[in-house]
A.B. asks: 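Below is the structure I would like to discuss, written out as structure tokens.
In the text below, chain A, chain B and the rest are named by the order of the sequence lines, each starting its count at 1.
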Amino acid sequence: MSALLAADQLTMRFGGLTAVKEFSCAIESGELFGLIGPNGAGKTTVFNLLTGVYRPSSGTVTFAQSDITGQPPPSIAARGMSRTFQNIRLFDELSALENVMAGAHLRGNINLFDALLRTGRHAREEKRQRDWAYKLLAFMGLEERAGLAAKHLPYGDRRKLEIARALATEPKLICLDEPAAGMNPSEKQGLAQLIRRIRDQLHVTVLLIEHDMQLVMGLCERIVVLDHGETIACGKPRDIQSDARVIEAYLGVADG
Amino acid sequence: MARNLLVMLGLLAGCYGFNFVMAEFIEVVYVDYINLCGLAIILAVGLNVINGLAGQFSLGHAGFMSVGAFAGAYASIMLTYGVIESGPLSFVSMGSFLLCLALSGLSAAAVGALVGAPTLRLKGDYLAIATLGFAEITRIVLTAQDAIGGPTGLKRIPKMPLLPGSEKWDGGTSTFWIYAFVCLVILLSVNLQRSTFGRALICVRENELAAETMGVRASRMKIMAFVYGAFFAGIAGCLYAHYQHSVRPDDFTTVRSIEVVVMLVLGGLGSLTGAVVGAVIVTLLPQFLRPLEESLGLSGLSMVVYAALLLLMMLFRPQGIFGQRELSLKLLRRLVPGGGKESRP
């Protein structure tokens with residue numbers, strides 16, 4: 001079986017700086033895949049390359065058997081890849097419910113005239129979006145917050161709301177950029193369970209960037225490690241933990 | 001949709017009644033104020049979709065208005081007189097008028113798409129400057145066209161068409177036609193704002209990158225907003241030309257574009273109710289300050305008061321009168337003391 005998402009020799013140069021060098025990986029459908037590395041290793045740049053925010057200097061991205069290299073984000077979202085952001089990017093003035101409904105807009109098939117004239121088709125689409133959004137809010141444990149403006153939500157809920165919004169686009173693969181950042185240990189545990197449920201119950205493949213080693217090692221089935229834009233290791237958590245280059249990247253080398 | 005049609009028919013009947021009352025009981029000068037308010041509302045509500053919902057700061061609304069005004073007025077003169085000749089001002093026929101309105105709306109919308117497309121990459125101040133430049137270019141190009149009268153513009157634009165039973169109304173039927181479009185633009189904009197498209201527009205305003213990664217095609221949404229706003233600016237231009245019976249390129253200077261933006265900012269950017277209220281205030285304020293100015297013998301007072309009002313507004317309520325809120329039953333209930341909480345179990 002071929003991979004759901006495959007990156008081949010992805011390279012991203014910003015002027016003289018090579019942020020990501022020849023990044024390759026293949027994620028199977030249904031996997032929990034981790035992407036880790038020290039600060040500035042180029043993890044978020046990889047996400048931006050995969051989701052179309054950046055166009056790679058060289059290399060290709062293949063998603064669900066088609067080449068999506070250099071396609072704009074909306075087309076990639078339409079093909080079934082969704083993401084969250086390291087620095088949360090919610091639609092602050094909209095309510096939590098409306099944020100998730102905005103994610104569901106993608107799968108609607110109504111035109112502007114349906115909207116302007118409030119046709120029956122528009123009413124059905126609104127209902128579909130609303131029901132789906134409520135379902136996802138409940139899934140994320142946010143149903144109580146539906147009516148609150150996104151900007152008024154507490155931090156942890158903002159992170160979860162971003163995930164709910166990404167799920168609303170009905171993705172095959174969801175890319176989570178440091179979802180546990182800034183959470184306390186018990187919140188992190190809850191989040192780990194949630195991520196597992198996203199894969200098991202919603203059947204969405206998960207690609208995860210995370211700094212918290214315990215979380216990543218406990219959750220992910222395979223991990224790729226980046227350092228200074230280069231892939232230094234790839235494999236099962238146990239192998240990664242004992243890999244000499246990974247330890248070196250994180251802890252440094254002893255002198256002498 | 002059927003309900004919308006019924007609402008619109010009801011509103012048209014209301015407009016007819018409104019025009020009747022205006023013609024029979026109200027002094028001509030006040031009728032003029034009311035008509036000018038109507039035109040301002042159409043402009044402001046249309047611009048609110050561009051500047052308020054989609055968050056694209058456009059300063060070129062007068063440009064769209066002028067395109068509609070000249071397209072509609074020229075077509076109207078051709079359809080009514082065939083060629084331009086002297087004679088008494090006549091009424092344009094109903095069919096021709098609707099055709100002219102459609103033409104003016106569509107030509108302005110086409111220009112809106114043309115302006116929207118290349119300026120999509122610009123944000124904030126840069127977009128404002130580009131749209132301002134577009135409006136000025138439009139004005140200068142129109143001034144150079146001899147076919148539409150050059151700097152003196154078009155004259156003897158026919159009056160708006162008669163309605164059944166309106167033969168004896170001295171002020172004509174302008175109020176009906178203007179307010180029919182006020183109702184139409186408000187009805188459509190309420191629908192748009194509450195629709196999934198309205199939400200997508202707000203997403204583009206709130207966070208363009210996030211909107212794009214959620215599958216919202218930001219550039220398409222922005223063009224849509226420009227086309228929508230420009231369409232109604234064109235309609236307003238056509239109505240304005242028929243209302244004044246003459247139109248010059250200099251009727252559409254930057255000052256007019258800014259005036260519409262001021263209406264929005266005063267009422268609350270992003271609020272449809274705010275746009276309506278802002279349009280009425282900005283239109284009426286100078287009219288009522290002028291008599292005061294004359295009686296006190298202080299010429300220029302109205303400009304001072306106007307500027308001071310805006311300054312105070314920016315200092316104490318920068319989000320505008322309504323902020324982003326809308327006038328709704330819920331808000332009214334909250335304004336009644338204690339009403340909001342008790343109504344809920």
A.B. asks: Looking at B:Arg317, I'd like to know if its CZ atom is crowded, meaning that more than 12 non-hydrogen atoms belonging to other residues, nucleotides or ligands lie closer than 6.0 Å.
C.D. replies: yes
A.B. asks: Side chains of B:Asn4 and A:Arg118: donor-acceptor distance under 3.5 Å anywhere?
C.D. replies: no
A.B. asks: Sort A:Thr119 into side chain, backbone, both or neither according to what part of it lies under 4.5 angstrom from a heavy atom of chain B.
C.D. replies: both
A.B. asks: Which answer fits A:Thr84, side chain, backbone, both or neither, if we ask what part of it has an atom under 4.5 Å from a heavy atom of chain B?
C.D. replies: neither
A.B. asks: Any idea which heavy atoms bring A:Ala77 and B:Met214 closest together, and the distance?
C.D. replies: CB-C, 4.1 Å
A.B. asks: Only pairs of heavy atoms separated by less than 4.5 Å count here; which of A:Ser75, A:Ala168, A:Ala78 has the most with chain B?
C.D. replies: A:Ser75
A.B. asks: For the pair A:Glu126 and B:Arg199, find out whether any cationic side-chain nitrogen is under 4.0 Å from an anionic carboxylate oxygen.
C.D. replies: yes
A.B. asks: What part of B:Ala211 gets closer than 4.5 Å to chain A, counting heavy atoms only: side chain, backbone, both or neither?
C.D. replies: both
A.B. asks: Between A:Glu93 and chain B, with a heavy-atom cut-off of 4.5 Å, which part of the residue counts as in contact: side chain, backbone, both or neither?
C.D. replies: both
A.B. asks: Less than 4.5 Å to any heavy atom of chain B: does that hold for the side chain of A:Asn111, its backbone, both, or neither?
C.D. replies: backbone
A.B. asks: More than 12 heavy atoms of other residues, nucleotides or ligands under 6.0 Å from CG of B:Asp125: yes or no?
C.D. replies: no
A.B. asks: Return the CG to CG distance between A:Leu117 and B:Leu188, rounded to the nearest 0.5 Å.
C.D. replies: 6.5 Å
A.B. asks: Taking everything shown except A:Glu144 itself, do over 12 heavy atoms lie less than 6.0 Å from its CD?
C.D. replies: no
A.B. asks: Starting at OG of B:Ser189, measure out to CG of A:Leu116 and round the result to the nearest 0.5 Å.
C.D. replies: 8.0 Å
A.B. asks: If you count every heavy atom of other residues, nucleotides or ligands that lies below 6.0 Å from A:Phe113 atom CZ, does the total exceed 12?
C.D. replies: no
A.B. asks: For A:Glu98, is it the side chain, the backbone, both, or neither that has a heavy atom closer than 4.5 Å to a heavy atom of chain B?
C.D. replies: both
A.B. asks: Check whether more than 12 heavy atoms from other residues, nucleotides or ligands sit under 6.0 Å from atom OH of B:Tyr126, and answer yes or no.
C.D. replies: no
A.B. asks: Heavy-atom pairs under 4.5 Å with chain A - which of B:Arg194, B:Met8, B:Gln193, B:Arg3 has more of them than the others?
C.D. replies: B:Arg194
A.B. asks: Can you establish whether the number of heavy atoms outside A:Arg55 located under 6.0 Å from its atom CZ is more than 12?
C.D. replies: no
A.B. asks: Tell me, side chain or backbone of A:Arg107 under 4.5 Å from chain B's heavy atoms, or both, or neither?
C.D. replies: neither
A.B. asks: Of the non-hydrogen atoms in A:Ala115 and B:Phe197, which two are nearest, and what is the gap between them?
C.D. replies: CB-CD1, 3.6 Å
A.B. asks: Do the side-chain N and O atoms of A:Glu125 and B:Thr196 include a donor-acceptor pair separated by under 3.5 angstrom?
C.D. replies: no
A.B. asks: Taking every non-hydrogen pair under 4.5 Å, which of B:Leu187, B:Leu5, B:Leu192, B:Val190 racks up the most with chain A?
C.D. replies: B:Leu192
A.B. asks: Show, in sequence, the C-alpha distance, side-chain angles and deciding distance for B:Cys203 and A:His105, and conclude whether the side chain to side chain contact (heavy atoms under 4.5 Å, CB included) test is met.
C.D. replies: CA-CA 11 Å; B:Cys203 292; A:His105 174 73; over 6 Å; no
A.B. asks: Could you tell me the separation between the CG atom of B:Asn191 and the CG atom of A:Leu112, rounded to the nearest 0.5 Å?
C.D. replies: 11.0 Å
A.B. asks: Less than 4.5 Å apart, any side-chain heavy atom of B:Ile202 and any of A:Leu94?
C.D. replies: yes
A.B. asks: Examine distances only and state if a side-chain atom of B:Glu212 and a backbone atom of A:Pro74 form a donor-acceptor pair shorter than 3.5 Å.
C.D. replies: no
A.B. asks: Start with the C-alpha distance between A:Leu90 and B:Asn207, add both sets of side-chain angles, then the distance that settles side chain to side chain contact (heavy atoms under 4.5 Å, CB included), and finish with yes or no.
C.D. replies: CA-CA 7 Å; A:Leu90 287 167; B:Asn207 199 315; over 6 Å; no
